[in-house]
**Q** 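Quick one: this structure, given as C-alpha cells, is what I'll be asking you about.
Worth knowing before you read on, the calculation uses all heavy atoms, side chains too, and leaves out hydrogens, waters and symmetry mates. For this chain, numbers begin at 1 and follow the sequence in order.
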Amino acid sequence: MSFEILDQLEGKIKEAVETIQLLQLEIEELKGKNQQLSQENESLKSEHNDFQDRLRALLGRIDNV
C-alpha cells in the first residue's frame, strides 16, 4: 500500500515539474513580448513627440501671420 502512495506522489511530482517547466517557458516568451512591446511603445512616444513639435511649429507660423 505504501508503494501505491509513493507511486501517486511520484506522478504528482512529475506533473508539477512539467507544469513548472511549461510555465517557465511561457514566462520567457511573455518577457520577450513585453520587451518588444516596450520598444514599440517608446517608438510611438517618439513619433508622438515629433508630431507635437511639428504641430506647434505650424501653429506658431499661423500666429505670426
**Q** Scan residues 42-51 for pairs that pass side chain to side chain donor-acceptor pair (under 3.5 Å), counting only residues two or more places apart or in two chains.
**A**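 Matches after skipping sequence neighbours: none remain.
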**Q** What pairs of donor and acceptor atoms, side-chain ones from residues 53-65 against any protein atom, are under 3.5 angstrom apart with sequence neighbours left out?
**A**
from: D53; atom 1: OD1; to: R56; atom 2: NH1; distance (Å): 3.4
from: N64; atom 1: ND2; to: G60; atom 2: O; distance (Å): 3.2

**Q** Looking at E40, I want to see if its CD is surrounded by more than 12 non-hydrogen atoms of other residues, nucleotides or ligands under 6.0 Å.
**A** yes
**Q** Identify each donor-acceptor pair in which a side-chain atom of residues 7-23 lies under 3.5 Å from a protein atom, sequence neighbours left out, and give them as a table.
**A**
from: T19; atom 1: OG1; to: E15; atom 2: O; distance (Å): 2.9

**Q** How long is the straight-line distance from CD1 of I27 back to CG of N34, given to the nearest 0.5 Å?
**A**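 So the gap between those two atoms works out to 12.5 Å.
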